[in-house]
Amino acid sequence: MDFLQELNPPQRKAVEHTEGPLLILAGAGSGKTRVLTYRIAHLISENIAAPWNILAITFTNKAAGEMRDRIDAVVGDRASMIWVATFHSTCCRILRRDIDRIGYDRSFTIYDTDDCRQVIKSILREKGLDPKIYKERTILSRISSAKNEMISPEQFRSSAVGREEERQADFYEAYQTKLRSNNALDFDDLLVLTVELFRKAPDVLDEYRERFRYILVDEYQDTNSVQFEFIRLLAEKYRNLCVVGDDDQSIYRFRGANIRNILSFEQVFRGTAVIRLEQNYRSTPEILDAANAVIANNTERKAKKLWTDQGHGKKVRFRLFGSGYEEAEFAVGEIRAAVQTDGGKYSRFAVLYRTNAQSRLFEEKCVAANVPYKIVGGVNFYSRKEIKDILSYLKTIANGSDDLSVLRIINVPRRGIGAATLTHIQEYASEKGLSFYEALTDAENIPGTGRALEKIRKFTTMISRFRAVSADYLSVADLIEQILKETGYLAELEAEQTDEARARIENLEEFISKAQDYADQTEDASLDDFLQQVSLVADIDSVSEDMDSVLLMTMHAAKGLEFDSVYLAGMEENTFPSYMAAGSGNDSEIEEERRLCYVGMTRARRELTLTAASMRTLRGEPQFLKVSRFIREIPPEMLDAGGRTERRGNPYGQYGENGYGGNRYGQYGGERFREEDPYDRRSFGNTDRSYAGYDDRTYSQNGYHDGASSGSFARKTGAGVLKRSAGSTLQEFRVVKADRLDYGIGDQVRHVKFGTGTVTGIQEGPRDFEVTVEFDRVGKKKMFASFAKLKKV
DNA sequence: CGTAGTTTTGTTTTT
DNA sequence: CAAAACTACG
């Protein structure tokens, strides 16, 4: 084949080795996408495999689309028959067809992180636990890591040791039960349940094994254990599995990526051929050398030697600024000047940073300088409030068991259905084992919903009308429009007349047009399918080549992309490596940050500029930062540090005795603060919040691991801690106070949810009796008597 | 029951 | 400096 001529020997070998397991270790910029596409093209054009026998897993939908286009260019429109998708959308498609085999309904909903947080919150509320102590984020991340390791709630329970883990097991169980009763799946479930389906329904598995005889996995270093199991199950029979990865670019371990998947690949798939791609076609030797110098500091890696035969280019630059503001001004200013003088495109440039929060300054500067830009990431389009509201309507229409969505919209726009009514309905629902929506349709039987009844009626009739029309003839776009109109959602926004409301309306219009696009591009478009697509898109997916703007994004989001000129911003300790990693004292966390740095640097083709700020405003307070250790890991002779010298005896000393050339780096360094009285900063110590310990002596003597900086983000607990609300707001609305209670201290009582317990205290409040009960199952709880409806036993 | 105004608290990274 | 949570009032 012609295209084989375009490959170097190992690349060519990788393309032609079609039978049996193959592990390709592909360094950054070594042409792995080219290898993957040519490999698929080869399979098809040599009639080794039919297009529908090929499954290619990519990391993002965007990568999938690009790969399809490139294959298309080589083999023509047969490419459309190839299944190219992400792990998540692949699993979703499989589950849509057969999830009923493991007891779920095929019209399941997918919950995003936000939805999952709500679920945890409601569990905390039900268990009467203080959300201040039990953080949703931590609970969720534990659940997620369990799922990534395919540990079921039962397994988790049986291996739980100690109170803490027992409690975590409670959360996991309750969470999973709740998702299931809402007929909802979280992101991890998509993988976990597919594996479960494959295990429990061998016929289904076999069908897919027969279908996908040739499997390819890109970005293999970022797969986790469930993903590996999924692939293993599918590939076991024909063993034509080709994975491509680079251990140096593994940056998703925080989300369960398991590096052992690379290291043990050869054991699991015996007879694996290993091919290394070490020639880099992307970057200049200057960029490559600097990146290699940084990554060489990692100990956990397979040694490799990336090389290039490209001609020399410019040195990698480092610039230090007094503030993030100046840093942004510099980068944006340079980009603008370059485009104006050389007439290039803005899309040649990218600004990469560690956290999304850093985008703001660059955005401001771009606006000010009239530089077109696009921010990737941050708040996903589909997680904006107005979009989520409408999505919740759609989800309610598609899946009546999704309580979360119903709860979100039942009073949006305001229908005068209040918290008290909702609590009644929820109690009724859980008593009768109904979904929330089912309970709504049964509202006349629920005590205490008197005035709200009519409003609830109106709501349910509206939803069932939507259901009827959506089942009938209405496209998703039309359905959205009808929802906006009939609910009065649009009218409410229009009445607001604020910029914010106008922006929301614009977003909704964009949403409609996205729904329209979807209908145009999809053959058998349906509401279910639309919702699934929408919940699995990443922001990067919407970035296209043809827009001429500077891209602003995190280094994570930049994975797999390349640009002529890259600015890596925020090269400071505690920014990058992040405060979390730097403060953990954990080498492997630092190594992950270093790999991220390597990924960032190797995105650049011709020019790479590293920038840092010595001061940044974090959560409204100034923080003084040292230059990142990653800068130090680049030998000085490889760096263009700006040339100009700074005045000696820098009063801030952060760079001083590090051998760092506080005097060499940065033309702006410290400028901004020289006018201020350095002692001013002491006053920060007097505020209630503690302040990133600024103490130049400590810094310069102890280097990076000093206690002052690692403890610096801890907040002083002030008087606020003492304020604790007695119960949730829901309960406080209750005004009906019983005149006497038919139980007293020491009595055994029963509660609908908490079971039986002993009354340990009763306190008469202005509105109601506050009863303290020691429950057998859930421990001590305080509650209002009229609300709790305790029964003496 | 709804809302405006006040206080508290939070930071990685993402499918 | 925001967003979220809480409080107080109409």
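None of these values were measured; they are calculated from a predicted model. Residue numbering restarts at 1 for every chain, and letters A, B, ... go by the order of the sequence lines.
Among B:dG10, B:dT15, B:dT13, the nucleotide with an atom closest to any side-chain atom of A:T355 is B:dT13. Closest contact between the side chain of A:Y252 and the listed nucleotides C:dA5, B:dT14, B:dT15 involves B:dT14.
Taking only side-chain nitrogens and oxygens, A:K121 comes nearer than 4.0 Å to OP1 or OP2 of C:dA5. Under 4.0 angstrom from either OP1 or OP2 of B:dT13 there lies at least one side-chain N or O belonging to A:N356. For B:dG10, the OP1/OP2 oxygens have a side-chain nitrogen or oxygen of A:K135 closer than 4.0 Å.
Note on ring orientation: taking the six-membered ring where Trp is involved, the planes of A:F230 and A:F87 are perpendicular (angle over 60°, cut-offs 30° and 60°).
Side-chain atoms of A:S628 come within 3.5 Å of backbone N or O of A:F576 as a donor-acceptor pair.
Judged as a side chain to side chain donor-acceptor pair (under 3.5 Å), the pairs with a partner in residues 409-418 of chain A (not counting sequence neighbours) are, in order, A:Y393-A:R415.
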Given Watson-Crick or G-U pairs with both distances under 3.5 Å, what dot-bracket string fits DNA chain B, with | for other-strand pairs and [ ] for crossing?
-> ||||||||||.....
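Results of the side chain to side chain contact (heavy atoms under 4.5 Å, CB included) test with A:T58 over A:L36, A:T33, A:V84 single out A:V84 as the only residue that passes.
When heavy atoms are screened at a 4.0 angstrom cut-off, A:F87 is found touching no nucleic acid atom at all. Residue contacts shown for A:R360 are limited to sugar-phosphate atoms, with no base heavy atom under 4.0 Å away.
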